[in-house]
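To start, the structure under review is shown below, and the notes come after it.
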There are 2 protein chains.
Amino acid sequence: MSGDAQISRLKPGRRTDIRRENERAILEAAEKVFAEAGFGGATMQLIADMAGLPKANLHYYFATKEDLYRRVVQQIFEIWLDAASSFDNAPGPVEGIGAYIDAKMDISRTHPHGSKVWASEVMHGAPVIQDYLETTLRDWTNGRIAVIQRWIDEGKMQPVNPRHLLYMLWATTQHYADFGHQIQTLNGGAALTEKQWKEAKASVKDMVLRGIGAI
Amino acid sequence: MSGDAQISRLKPGRRTDIRRENERAILEAAEKVFAEAGFGGATMQLIADMAGLPKANLHYYFATKEDLYRRVVQQIFEIWLDAASSFDNAPGPVEGIGAYIDAKMDISRTHPHGSKVWASEVMHGAPVIQDYLETTLRDWTNGRIAVIQRWIDEGKMQPVNPRHLLYMLWATTQHYADFGHQIQTLNGGAALTEKQWKEAKASVKDMVLRGIGAI
DNA sequence: TCATTTCCTGACCGTATGGTCAAGGTGAAG
DNA sequence: CTTCACCTTGACCATACGGTCAGGAAATGA
């Protein structure tokens, strides 16, 4: 566990704001702790400390550790679903997949903790979000596969397997969040600079779009 | 935690074999439990049960939980390093990178647990294998980057960024192990068949090799 | 001001976990 | 057979964890 400072908290203000602000601070702290320690390694005490609240106060807002964890996982999933909109209404793979890569790379940079929590959850057999995988994710996947297949039929890209293309997109973009520590170590210990992130995005887009024969 | 049966154990035999066989059974059980529950979620009791030994016996062979965990992580790392030999002595990217993808995809299929443990370790900031990242992995990476750059200079592939190509290779191949549960769910709940694995390998190789302009 | 709801928190509890230990079992060597 | 090093294990311990609770503080509305 890194010794990062605690999550910033705004002044309480009105009654409604107290709840919203505390839940936000707790979720932000929880996302970080769950990402860095895993579900089993995370402790409510650690999350409380990082959120700047007594542990008992966490249980006032979130009944159990599982409840809190579930909320964190749902959060990143919804962010990813939003990013997927860049996929639709695109005339072809260069725009659609290009925008999707951009969006997912941006999320890997801005929400690395959430990505790790999701990865950890799936690696452990998705005990709390299995239903999401079987419903929302499956439907979303089938929808995008249809879009990709249409692009293939229209001759806008090579006839690659759409499903494995999606896996490659997920794997490659999320790798920059999930394995960010490894990437940073191989970068001499320094986090990627703005310029390096641009280079990463450009490299991924270039290789993927050429790989599917879209450029 | 899935309710899988315990790890098989052979008869002890001679004195030397007792140690070897027990350590093997413990490591095999540990790899599975660490992968499915994470370091924090894994318990020595669970590993002991799966290995078919009393918990106290685990501490006879491995002093602490960390010791056991470290051995498991080292194991998968060495397997990956071995697979990297397919990279060398290749005349060009089609053979070298193609063989590397094949090898890593095979490992994702045969050692999914180890891959997950590694991913989990890196995601948590590599607390126990940081030195490997800074020495062995960095050297290995720089070596392969040089090989890729040579291929580029020889006109055998497009001038892509070698580093990001390696990240794409790692991400994509390991995704089939680390996110195997998600892939299985999207496959209707069934594990990939022999035929589907071949399709996966072919798809990955096809997209990557075309993506770097090697085919 | 007063009543009511919401929020806060120190102290506490039962449980589970990593690890220890001492006593006993077992194979190999002479 | 005897010896001895190696292996096995039930019982035990200190700690840490998730969760509870009662009583008090603070905000809201009349």
Side-chain angles (χ1 to χ4, degrees), chain A residues 1 6-7 9-27 29-34 36-73 117 124 127-128, chain B residues 1 6-7 9-27 29-34 36-73 117 124 127-128:
Chain A
M1 183 62 44
Q6 73 179 55
I7 298 297
R9 287 179 60 227
L10 302 175
K11 60 194 184 319
R14 292 165 308 159
R15 204 56 164 279
T16 317
D17 293 347
I18 294 177
R19 183 160 215 108
R20 177 166 41 232
E21 168 56 20
N22 280 341
E23 286 185 352
R24 190 203 59 75
I26 292 170
L27 282 171
E31 180 178 289
K32 194 167 186 173
V33 173
F34 281 133
E36 291 178 353
F39 178 81
T43 70
M44 294 298 270
Q45 186 64 62
L46 206 56
I47 295 171
D49 291 346
M50 192 161 293
L53 295 169
K55 191 186 69 165
N57 212 351
L58 256 68
H59 284 99
Y60 174 74
Y61 289 104
F62 299 90
T64 67
K65 190 181 177 186
E66 279 80 4
D67 285 341
L68 181 51
Y69 175 75
R70 190 188 311 268
R71 284 283 299 272
V72 171
V73 175
V117 175
H124 298 355
V128 319
Chain B
M1 183 60 47
Q6 71 178 56
I7 298 298
R9 287 179 59 225
L10 302 176
K11 61 195 185 314
R14 292 164 308 159
R15 204 55 165 279
T16 317
D17 294 345
I18 293 177
R19 182 161 215 107
R20 178 167 39 233
E21 169 57 19
N22 280 343
E23 287 185 350
R24 189 203 60 75
I26 292 170
L27 282 171
E31 181 178 288
K32 194 167 188 174
V33 173
F34 281 133
E36 292 178 351
F39 178 81
T43 70
M44 295 297 271
Q45 187 63 63
L46 205 56
I47 296 171
D49 291 346
M50 191 162 294
L53 294 169
K55 192 186 69 166
N57 212 350
L58 255 67
H59 284 99
Y60 173 75
Y61 289 104
F62 299 91
T64 67
K65 191 182 176 186
E66 278 82 3
D67 285 341
L68 181 52
Y69 175 75
R70 190 188 312 267
R71 284 284 298 273
V72 170
V73 175
V117 175
H124 299 355
V128 319

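What you see below is based on every heavy atom in this structure, not just the backbone, and it leaves out hydrogens, waters and symmetry mates. Order of the sequence lines sets the chain letters (A, B, ...), proteins ahead of strands, with each chain counted from 1.
Nucleic acid contact class of Phe62(B) (heavy atoms, under 4.0 Å, all strands): none.
Rounding to whole angstrom units, CD1 of residue Ile18(A) and C1' of dT28(D) are separated by 10 Å. Following rounding to the nearest Å, Asp49(A) (CG) and dT9(C) (C1') show an atom-to-atom distance of 14 Å. To the nearest angstrom, C1' of dC17(D) lies 13 Å from CZ of Phe34(A). Rounded to an integer number of Å, the gap from CD of Glu23(A) to C1' of dT6(C) is 13 Å. In this structure, the CG atom of Asn57(B) is 14 Å from the P atom of dT26(C), given to the nearest Å. Here dC7(C) presents its C1' atom at 14 Å from CG of Asp17(A), a figure rounded to the nearest Å. Rounded to whole angstrom, the span from the OH atom of Tyr61(A) across to the P atom of dT6(C) amounts to 12 Å. To the nearest angstrom, P of dG10(D) lies 13 Å from CG of Leu58(B).
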Tabulated below should be each protein N or O lying under 3.5 Å from an N or O of nucleotides 15-18 of chain C; please produce it.
from: dG18(C); atom 1: OP1; to: Ala42(B); atom 2: O; distance (Å): 3.1
from: dG18(C); atom 1: OP1; to: Lys65(B); atom 2: NZ; distance (Å): 3.1
from: dG18(C); atom 1: OP2; to: Met44(B); atom 2: N; distance (Å): 2.9
from: dG18(C); atom 1: N7; to: Lys55(B); atom 2: NZ; distance (Å): 3.0

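Distances shown here put a side-chain N or O of Asn22(A) below 4.0 Å from the OP1 or OP2 atom of dC8(C). The phosphate of dC7(C) (OP1 or OP2) has a side-chain N or O of Arg19(A) nearer than 4.0 angstrom. For the OP1/OP2 pair of dC7(D) and a distance below 4.0 Å, the side-chain nitrogens and oxygens of Tyr60(B) include at least one atom meeting the criterion.
Contact annotation: the side chain of Asp17(A) approaches that of Arg20(A) to within less than 4.5 Å [non-hydrogen atoms, C-beta and beyond]. Residues Leu68(A) and Leu27(A) form a side-chain contact, since some pair of their non-hydrogen atoms from C-beta on lies under 4.5 Å apart.
Taking the ring pair (Phe, Tyr, Trp, His ring centres under 6.0 Å) definition, one finds that Phe62(A) meets it with nothing, sequence neighbours left out. With sequence neighbours excluded, the residues satisfying side chain to side chain contact (heavy atoms under 4.5 Å, CB included) with Tyr60(B) are Arg19(B), Asn57(B). With sequence neighbours excluded, the residues that form a side-chain hydrogen bond (donor to acceptor under 3.5 Å, both in side chains) with Gln45(A) are Asp49(A).
Within the structure, ring pair (Phe, Tyr, Trp, His ring centres under 6.0 Å) pairs that include any residue of residues 39-59 of chain B comprise Phe34(B)-Phe39(B), Phe39(B)-Tyr69(B) (at least two apart or interchain).
The distance from the NZ atom of Lys65(A) to the CD1 atom of Ile47(A) is 7.0 Å, given to the nearest 0.5 Å.
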